[in-house]
There are 2 protein chains.
Amino acid sequence: MPATVDLERLLRSADLRVTRPRLAVLAAVHALPHADTDTLIAAVRAESGDVSHQAVYDVLKALTGAGLVRRIQPADSVARYESRVGDNHHHVVCRSCGEIADVDCAVGEAPCLTATNDAGFVIDEAEVIYWGRCPRCTTAASDLQ
Amino acid sequence: MPATVDLERLLRSADLRVTRPRLAVLAAVHALPHADTDTLIAAVRAESGDVSHQAVYDVLKALTGAGLVRRIQPADSVARYESRVGDNHHHVVCRSCGEIADVDCAVGEAPCLTATNDAGFVIDEAEVIYWGRCPRCTTAASDLQ
DNA sequence: ACCTCTTCTTGAGTCAGTCAAGAAAAGACT
DNA sequence: AGTCTTTTCTTGACTGACTCAAGAAGAGGT
């Protein structure tokens with residue numbers, strides 16, 4: 001996990017003011033990849049005292065807009081955030097427990113896949129979500145038999 | 001769009017009872033691909049008189065569970081439904097207006113993509129969402145310049 | 001025609017996320 | 001350093017998609 005100085009530099013390089021809530025949120029996203037907003041709020045408060053949920057929402061929106069964090073939102077899940085940005089990787093989601101893991105992009109640069117028939121759309125990104133079962137849930141399911 | 005008799009057959013083949021709300025919802029999903037729940041509720045009521053929103057939610061859940069319709073939910077969008085199932089096609093979503101179009105799967109059968117590093121997950125489906133701009137929004141954006 | 005089980009209606013409730021207005025803090029400029 | 005301006009944070013109310021629960025209605029088997 002990057003040191004506070006590095007996080008400050010990150011914020012400044014994105015033309016964002018350096019504030020306590022922003023540092024705390026950025027640190028929390030680095031420390032807890034794929035965490036949802038509630039988890040992040042709890043982590044921020046544990047480290048940095050009282051911070052309103054609204055501030056965390058605002059900060060996450062600002063960080064997402066600046067490209068410092070990435071927002072992911074699989075179907076039937078609340079929004080989650082991660083600090084790994086710019087490498088066009090994908091995710092695998094467990095249908096049973098909702099756990100998310102990173103998957104490297106097999107193809108290369110974004111959009112990484114070209115649609116055969118793009119319906120006239122100008123495509124800039126291909127988001128891939130693999131659905132399946134995590135190791136723990138696979139084991140648990142086969143134990144039942 | 002399939003005739004009512006075909007929709008009835010579809011329901012029976014999935015071991016679902018044939019009711020007026022179910023026929024109306026199924027017809028609406030066929031008539032309005034990628035429609036959200038509100039649009040479907042309006043369509044159902046226009047064709048079939050008063051139907052509670054709860055009934056439509058329940059029916060959509062039953063139809064989704066039976067595999068007669070597919071639920072799609074891009075980030076920042078409410079749930080949408082389509083009747084094209086079983087062919088593992090994908091979607092392209094307009095970042096500007098949210099319009100959705102179908103994209104045929106370039107690769108083949110589900111899961112259609114194999115992750116290079118699957119983190120131990122057992123993967124059964126790869127869901128691909130292409131992000132970009134629809135023809136109308138592309139034109140509108142270049143007109144501004 | 002009846003009975004049983006599933007489905008539909010009604011109405012209240014939940015929860016992630018948003019809006020709005022004022023208070024506070026960051027950074028710029030004397 | 002001290003002020004000023006702009007951006008950010010706090011507080012608290014609100015929105016809207018979706019869910020829960022209990023009783024009424026309808027479907028299909030006997």
Side-chain angles (χ1 to χ4, degrees), chain A residues 4 7-29 34-45 47-66 68-69 71-81 98, chain B residues 4-5 7-28 34-45 47-66 68-69 71-81 98:
Chain A
T4 306
L7 298 179
E8 280 194 42
R9 207 169 297 140
L10 261 176
L11 285 172
R12 287 189 207 284
S13 71
D15 268 325
L16 291 174
R17 293 191 176 177
V18 176
T19 67
R20 200 167 47 78
R22 287 187 170 174
L23 284 172
V25 171
L26 201 47
V29 175
H34 311 136
D36 60 29
T37 317
D38 265 7
T39 307
L40 291 173
I41 291 176
V44 165
R45 288 185 177 153
E47 187 199 319
S48 188
D50 266 10
V51 178
S52 69
H53 80 154
Q54 185 61 46
V56 176
Y57 275 103
D58 285 353
V59 169
L60 285 171
K61 185 174 285 184
L63 295 178
T64 306
L68 296 185
V69 308
R71 178 185 171 144
I72 53 183
Q73 190 172 19
D76 296 318
S77 167
V78 296
R80 291 162 180 279
Y81 295 87
Chain B
T4 306
V5 218
L7 298 179
E8 279 189 35
R9 206 170 298 141
L10 219 50
L11 285 172
R12 287 189 208 283
S13 72
D15 269 324
L16 291 175
R17 293 193 176 177
V18 176
T19 67
R20 201 166 48 77
R22 286 186 170 176
L23 285 172
V25 170
L26 200 48
H34 311 137
D36 59 29
T37 316
D38 265 8
T39 306
L40 292 173
I41 291 175
V44 165
R45 287 185 178 154
E47 187 199 318
S48 189
D50 266 11
V51 177
S52 69
H53 81 152
Q54 185 60 48
V56 176
Y57 274 103
D58 285 354
V59 169
L60 285 172
K61 185 173 285 184
L63 295 178
T64 305
L68 297 185
V69 307
R71 178 187 171 139
I72 53 183
Q73 191 171 18
D76 296 318
S77 167
V78 296
R80 292 162 180 277
Y81 295 88

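First the proteins, then the strands, lettered A, B, ... as listed; each starts at 1. Since this is a predicted model, take the numbers as computed values, not measurements. What you see below is based on every heavy atom in this structure, not just the backbone, and it leaves out hydrogens, waters and symmetry mates.
A:Arg17 pairs by the salt bridge (charged side-chain N to carboxylate O under 4.0 Å, His left out) definition with nothing, not counting sequence neighbours. Legend: residues meeting side-chain hydrogen bond (donor to acceptor under 3.5 Å, both in side chains) with A:Arg12, ordered by chain and number and at least two apart, are A:Glu8. Checked against salt bridge (charged side-chain N to carboxylate O under 4.0 Å, His left out), A:Asp76 has the following partners two or more places apart in sequence or in another chain: B:Arg71. Partners of A:Arg20 under the side-chain hydrogen bond (donor to acceptor under 3.5 Å, both in side chains) rule, at least two apart in sequence or in another chain, are A:Ser48. With sequence neighbours excluded, the residues forming a side-chain hydrogen bond (donor to acceptor under 3.5 Å, both in side chains) with A:Ser77 are A:Arg80, listed by chain and number. Scored by the side-chain contact (heavy atoms from CB on, under 4.5 Å) test, B:Ala42 finds no partners at all (sequence neighbours excluded). Taking the side-chain hydrogen bond (donor to acceptor under 3.5 Å, both in side chains) definition, one finds that B:Arg22 meets it with nothing, sequence neighbours left out.
Among the atoms of the strands shown, only primed sugar atoms or phosphate atoms (P, OP1, OP2) are found under 4.0 Å from some heavy atom of B:Asp50.
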Just list the side-chain donor-acceptor pairs under 3.5 Å for residues 50-63 of chain A, sequence neighbours left out, or say none.
from    : atom 1 : to      : atom 2 : distance (Å)
A:Ser52 : OG     : A:Ala55 : N      : 3.0
A:Gln54 : NE2    : A:Asp58 : OD1    : 3.0

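First and last contacts of DNA chain C with chain A, using any nucleotide atom under 4.0 Å from a protein heavy atom and ordered 5' to 3', fall at C:dA16 to C:dG27.
The OG1 atom of A:Thr39 sits 3.5 Å away from atom CG of A:Asp36, with the distance rounded to the nearest 0.5 Å. Taken from CG in A:Leu68 to CG in A:Leu10, the straight-line distance is 5.5 Å, to the nearest 0.5 Å.
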Please step through side-chain contact (heavy atoms from CB on, under 4.5 Å) for the pair B:Ile41 and B:Val44, ending with a clear verdict.
CA-CA 5 Å; B:Ile41 291 175; B:Val44 165; 5.8 Å; no

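To the nearest angstrom, C1' of D:dC9 lies 15 Å from CG of A:Leu23.
Under the 4.5 Å side-chain criterion, counting only non-hydrogen atoms from C-beta, A:Val29 is in contact with A:Leu40.
Along DNA chain D, the nucleotide closest to B:Ser77 and the one closest to A:Asp15 are compared, and the more 5′ of them pairs with A:Asp15.
Closest heavy-atom contact between A:Ala27 and A:Glu47: CB-OE1, 4.1 Å.
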Give each protein N/O atom lying under 3.5 Å from an N/O atom of nucleotides 27-30 of chain D, with the pair distance.
from   : atom 1 : to      : atom 2 : distance (Å)
D:dA27 : N3     : B:Arg17 : NH1    : 3.1
D:dG28 : OP1    : B:Arg12 : NH1    : 3.3
D:dG28 : OP1    : B:Val18 : N      : 3.3

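Taking a 4.0 Å limit (strictly below) on heavy-atom distances, residues 52-65 of chain B reaches DNA chain C at B:Ser52, B:Gln54, B:Ala55, B:Val59.
Note on the helix from C:dA1-D:dT30 to C:dT30-D:dA1: terminal axis deviation equals 30°, with five pairs used at each end and the result rounded to 10°.
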